[in-house]
Enquirer: 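Got a structure for you, written out below as structure tokens; questions coming shortly.
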Amino acid sequence: MIHVSLPNGSVIKVERDATILDAARVIGPRLAQAAVAGVVDGDLRDLREKLTGDCQLTILTAGSGEGLEVLRHTTSHILAQAVKRRFPETKLGIGPAVEDGFYYDFDREQPFSEDDLAVIVEEMKAIVAADLPIERILLSKQEAGKRLELQDEPYKLELLDELPGDTATSFQQGEFSDLCRGPHLQSTGQVSADAIRLTSVAGAYWRGDEHRPMLQRIYGTAWWKASELDEYLERIEAIKARDHRRLIRDLDLVSFHEEAGAGLAYWHPHGGRMRVLIEDYWRKRHFEGGYEIVFTPHIGRARLWETSGHLDFYKDGMYAPMDIDGQEYYLKPMNCPFHVMIYKSQTRSYRELPLRWAELGTVYRYERSGTLHGLLRVRGFTQDDAHIICTPEQIDDEILRVLDFSLSLLRGFGFEEFKIELSVRDPSRPEKYAGEDAMWEAAEGSLIKAITARDLPYERMEGEAVFYGPKIDIKIRDALHRTWQCTTIQFDFNIPGRFEMTYVGEDGLDHRPYMVHRALLGSLERFYALLVEHYGGAFPVWLAPVQTVLIPISDRHLPFAKDVEARMRSCGVRVELDASSERMNGKIRNAQLRKIPYMMVIGDREQESDTVSVRLRTGEDLGAQPVEDVIERIRRLNESRSTSLT
RNA sequence: GCCAGCGUAGCUCAAUCGGUAGAGCAACUGAUUUGUAAUCAGUGGGUUGUCAGUUCGAUUCUGGCCGCUGGCUCCA
């Protein structure tokens with residue numbers, strides 16, 4: 001007998017080699033029936049796996065959040081079974097659960113159409129209705145190989161070959177079996193037929209390798225209850241409503257033009273106003289933070305990019321060169337070499353360091369056409385770039401300073417939750433990286449020191465470092481709990497050497513400075529898209545392109561309204577007067593749809609008392625307010641960058 | 001770049017089994033002067049993304065290109 005500890009602290013005894021399902025039966029028959037998987041000493045396991053020794057066991061049941069992964073994985077098998085029934089010539093790839101759903105990759109001559117998906121779903125529902133028991137079969141690899149050859153599943157055979165150990169598991173439901181690690185539900189009937197949905201079909205390279213065949217990936221989602229599926233679909237709708245691509249058009253902020261080139265953004269007046277507000281705040285913070293601001297050209301001679309190494313590593317991502325007086329010039333994909341030019345314009349002393357040079361530098365990168373996506377991925381964008389050039393002794397302080405600065409700046413834009421990633425070398429492949437081991441270790445040390453000094457949780461990403469140095473990335477979490485990478489703080493062991501950057505030390509000798517490359521907002525275009533989606537277009541007062549619309553009740557209030565408009569504008573309020581022939585209700589509606597923070601109604605009463613009646617975009621009515629008070633309120637909210645309207 | 005889908009007025013969409021297109025909103029004009037999410041009436045607006053091909057005839061069918069969408073790959 002072995003001892004199995006349960007989450008409530010009690011311990012049960014079961015036979016050695018009893019299955020997890022057996023243990024569940026000991027706890028209670030109803031639990032066993034609802035069981036979908038077990039967690040043994042923290043690892044998710046299939047119910048049919050054996051317990052070989054004393055352990056901690058949690059039984060996951062249908063309906064539980066943790067069990068969803070199992071449900072979705074099983075649903076992906078049901079999808080595969082349905083596809084094999086309706087399209088027997090199809091070859092199977094892999095079919096895992098993913099966030100919010102699952103997919104299965106198939107190889108089939110003819111692509112799956114929308115109509116095919118409908119047919120497949122029908123078959124899936126039949127499989128669920130049949131309530132087929134799901135069996136877990138332990139096989140020798142040899143036996144498993146034979147079966148797969150018989151089934152003519154080349155992709156599965158490839159996976160089997162690479163499986164460690166001598167055994168493999170296969171899951172069988174009805175006539176369908178699939179090489180799979182599991183875990184799975186006990187039967188197909190545990191899936192709710194009315195809570196599954198196939199969402200899309202897309203191409204996906206076999207094993208993520210673009211040199212391998214492209215399979216067809218069918219995406220789907222599955223939930224325990226239809227109501228959960230509905231909630232999920234509603235959430236997707238909510239995300240769509242905030243999609244910046246829709247909002248930048250509806251709110252007349254930014255546009256793209258087919259005839260002018262893909263991935264190139266046009267900022268309209270209101271988008272432009274916001275951009276100026278963002279940039280002004282950014283500049284103010286940078287001056288306060290000890291940075292100097294520099295400006296550099298958009299193009300530079302090929303020689304610069306040869307020296308920097310960009311032409312070696314990233315030529316494909318650069319726009320083609322142009323011939324100027326027999327010299328090759330490239331559009332800049334990065335700002336660093338230009339900042340190096342400024343550094344090298346004179347002999348530098350250790351007394352000048354650290355230098356912190358920032359630039360809102362517009363760069364152009366030839367992104368592959370399929371990767372372009374609204375403002376989130378464009379070909380011409382402005383980096384809020386800076387280079388910190390310092391001595392090795394100063395590096396710890398500088399890193400900590402950048403980290404603090406970045407978090408503070410992002411908070412200034414209304415983001416509160418962050419995720420920090422430390423990207424370091426792949427320890428098994430040192431040859432992939434520039435710079436000496438000692439430098440890498442020291443650099444990693446300073447990065448960790450900074451993160452731990454602020455007691456921030458972080459994730460270590462092995463092998464995610466860039467070839468020229470380790471880095472810290474900061475991701476922000478937006479109002480919809482999605483994470484987006486913004487800040488990157490990168491050591492650069494490549495550039496200082498390639499450009500032979502030096503400073504004269506206390507000892508009168510030349511030394512090589514350390515260089516840190518950092519972008520905090522990342523790209524302004526991208527960051528702007530995040531702001532638009534984070535606020536759903538309802539911007540805080542300090543960012544709103546139009547802060548208030550004045551709504552005169554009738555034309556006889558126009559002179560007073562114009563006077564209020566002029567007073568507000570002279571105080572820096574971004575104000576518009578709606579002098580159209582709409583009725584007041586119509587004017588309010590128009591302002592509301594534009595998500596303008598304040599609507600200020602002006603009629604007889606207001607005109608007599610030098611007030612405006614303030615309606616918030618939330619629908620709240622603040623009643624009549626003296627004009628001076630309203631101006632003061634907006635001024636105060638500008639200053640605090642508060643998201644409140646009052 | 002790859003796979004799939006899509007491209008009709010500024011926006012959202014309709015129509016044409018191949019016979020050159022229509023609505024709502026927006027715009028414009030006129031009337032209306034209104035108290036917290038749509039005042040009424042009228043007018044203009046499209047070489048149906050683009051270039052070829054098939055056809056008596058193409059917006060509809062075929063192909064190239066451009067762009068967009070969902071993925072994959074990529075992201076210094």
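Keep in mind that the numbers below use all heavy atoms, side chains included, and drop hydrogens, waters and symmetry copies. What you are looking at is a predicted structure, and each value in this text was computed from that prediction instead of being measured. Note on naming: letters A, B, ... go to the chains in the order of the sequence lines (proteins, then strands), and numbering restarts at 1 for each one.
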Enquirer: Can you confirm whether A:F102 sits close enough to A:H73 that some side-chain heavy atom of one is under 4.5 Å from a side-chain heavy atom of the other?
Expert: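 Heavy-atom side-chain distance check fails, nothing below 4.5 Å.
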Enquirer: Can we say A:E359 and A:K332 salt-bridge, meaning some charged N sits less than 4.0 Å from an Asp/Glu carboxylate O?
Expert: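 So A:E359 pairs with A:K332 through a salt bridge.
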Enquirer: From the list B:C2, B:U33, B:A37, which nucleotide is the closest neighbour of the side chain of A:M214?
Expert: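 Among the listed nucleotides, the one closest to the side chain of A:M214 is B:C2.
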Enquirer: Quick one: which of B:C74, B:G35, B:G71 gets closest to the side chain of A:R368?
Expert: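 That would be B:C74.
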Enquirer: For the side chain of A:Q216 and the base of B:G71, is some donor closer than 3.5 Å to an acceptor across the two?
Expert: no
Enquirer: Taking NZ, NE, NH1 and NH2 as the nitrogens, is one of them in A:E237 or A:K240 under 4.0 Å from a carboxylate oxygen of the other?
Expert: yes
Enquirer: Give none if B:U62 has no partner; otherwise give the nucleotide forming a Watson-Crick or G-U wobble pair with it, both distances under 3.5 Å.
Expert: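 Pairing partner, where one exists within any strand: B:A52.
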Enquirer: Does the cation-pi check pass for A:R460 over A:Y458, that is, NZ or CZ under 6.0 Å from the six-membered ring centre and within 45° of its axis?
Expert: no
Enquirer: In whole angstroms, how far is the C1' atom of B:C2 from the CD atom of A:E367?
Expert: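 In whole Å, B:C2 C1' and A:E367 CD are 16 Å from each other.
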Enquirer: Among B:A76, B:U34, B:G67, which is the nearest nucleotide to the side chain of A:E258?
Expert: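 Nearest nucleotide to the side chain: B:G67.
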Enquirer: Between B:C51 and B:U8, how far is it from one P atom to the other, in whole Å?
Expert: 16 Å
Enquirer: Starting from P on B:U39, measure out to CZ on A:R583 and report it in whole angstrom.
Expert: 5 Å
Enquirer: Under 4.0 Å between a side-chain nitrogen and a carboxylate oxygen: does that hold for A:E576 and A:R594?
Expert: yes
Enquirer: Please determine if a side-chain N or O atom of A:Y219 lies less than 4.0 Å away from the OP1 or OP2 oxygen of B:C72.
Expert: yes
Enquirer: Reading RNA chain B from 5' onward, which residue's closest nucleotide shows up sooner: A:N590 or A:S613?
Expert: A:N590
Enquirer: Between A:K471 and A:E444 (salt bridge meaning N to carboxylate O under 4.0 Å), is one present in this structure?
Expert: no
Enquirer: Within the structure provided, determine whether A:I551 and A:R615 are in side-chain contact (heavy-atom separation under 4.5 Å).
Expert: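 They are not in contact (no side-chain heavy atoms under 4.5 Å apart), so the answer is no.
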Enquirer: Using a cut-off of strictly less than 4.0 Å, decide whether A:R377 has a side-chain nitrogen or oxygen near OP1 or OP2 of B:U69.
Expert: no
Enquirer: Can you tell me, in whole Å, how much space there is between the P of B:U62 and that of B:U55?
Expert: 16 Å
Enquirer: Quick one: is B:G70 close enough that its OP1 or OP2 comes under 4.0 Å of any side-chain N or O from A:H373?
Expert: yes
Enquirer: Please give, in whole Å, the distance from B:G70 C1' to A:D105 CG?
Expert: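 Whole-Å distance recorded here is 15 Å.
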Enquirer: Report yes if at least one side-chain N or O of A:R245 is closer than 4.0 Å to OP1 or OP2 of B:U69; otherwise report no.
Expert: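 So the side-chain polar atoms of A:R245 do come within 4.0 Å of the phosphate oxygens OP1 or OP2 of B:U69, strictly under.
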Enquirer: What does the list of N/O pairs under 3.5 Å between the protein and nucleotides 8-12 of chain B look like, with a distance for each?
Expert:
{"unit_1": "B:U12", "atom_1": "OP1", "unit_2": "A:R249", "atom_2": "NH2", "d": "2.9"}

Enquirer: Would you measure the distance from the P atom in B:G7 across to the matching atom in B:U50 and give it in whole Å?
Expert: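 To the nearest whole Å, 13 Å.
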Enquirer: Assuming nearest nucleotide by heavy-atom distance, tell me which of A:S200 and A:D209 is located more 5' along RNA chain B.
Expert: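 The residue mapped nearer the 5' terminus is A:S200.
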Enquirer: B:U33, B:A37, B:C68: which one has an atom nearest the side-chain heavy atoms of A:R615?
Expert: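 Side chain of A:R615 sits closest to B:A37.
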Enquirer: Sequence neighbours excluded, which residues qualify as side-chain hydrogen bond (donor to acceptor under 3.5 Å, both in side chains) partners of A:R379?
Expert: none
Enquirer: Over how many whole Å does the gap from A:D252 atom CG to B:C25 atom C1' extend?
Expert: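 So the two atoms are 16 Å apart, to the nearest Å.
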Enquirer: Can you figure out which of B:A76, B:A38, B:G35 approaches the side chain of A:E606 most closely?
Expert: B:G35
Enquirer: Can you say whether a donor on the side chain of A:Y205 sits under 3.5 Å from an acceptor on the base of B:G71, or the other way round?
Expert: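 By the distance-only test, no, there is no pair.
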Enquirer: Given that both distances must come in under 3.5 Å, which nucleotide forms a Watson-Crick or G-U wobble pair with B:A31?
Expert: B:U39
Enquirer: Rounding to the closest angstrom, what is the interatomic distance between B:G24 and B:G67 at atom P?
Expert: 35 Å
Enquirer: Please report the distance, rounded to the nearest Å, between CG in A:L198 and C1' in B:A4.
Expert: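 So the CG-C1' distance, A:L198 to B:A4, works out to 15 Å.
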Enquirer: Where the side chain of A:I553 is defined as all heavy atoms beyond and including C-beta, which of B:U73, B:A37, B:G35 is the nearest nucleotide?
Expert: B:G35
Enquirer: Measure from the side chain of A:M318, starting at C-beta and using heavy atoms only, and say which of B:U33, B:A76, B:G1 lies closest.
Expert: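 Minimum distance to the A:M318 side chain belongs to B:A76.
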Enquirer: Using the P atom on both, measure B:A41 against B:C6 and round to a whole Å.
Expert: 38 Å
Enquirer: Can you tell me which nucleotide in B:U34, B:C68, B:G70 comes closest to the side chain of A:L372?
Expert: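 Looking only at heavy atoms from C-beta outward on A:L372, the closest nucleotide is B:C68.
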Enquirer: State plainly whether the residues A:E533 and A:R482 are in salt-bridge range, i.e. N to O under 4.0 Å.
Expert: yes
Enquirer: Partners of A:E608 by salt bridge (Lys or Arg N to Asp or Glu O under 4.0 Å), sequence neighbours excluded?
Expert: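 A:E608 satisfies salt bridge (Lys or Arg N to Asp or Glu O under 4.0 Å) with no other residue.
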Enquirer: Could you work out the separation of B:U29 and B:U34 based on their P atoms and round it to a whole Å?
Expert: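 Pairwise P distance, B:U29 against B:U34, rounds to 23 Å.
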Enquirer: Looking only at atom C1', what distance separates B:A15 and B:A23, rounded to whole Å?
Expert: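 Those two atoms are separated by 11 Å.
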Enquirer: For B:U33, does the base pair up with any side-chain atom of A:D555 as donor and acceptor (N or O, under 3.5 Å, distance only)?
Expert: yes
Enquirer: Nearest of B:G67, B:A37, B:A76 to any side-chain atom of A:H310?
Expert: B:A76
Enquirer: Among B:C66, B:U39, B:G1, find the nucleotide with the atom closest to the side chain of A:S369.
Expert: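 Closest nucleotide to the A:S369 side chain: B:G1.
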Enquirer: Quick one: look up who B:A4 pairs with, Watson-Crick or G-U, both distances under 3.5 Å, and put none if it's unpaired.
Expert: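 Because both required distances fall under 3.5 Å, B:A4 counts as paired with B:U69.
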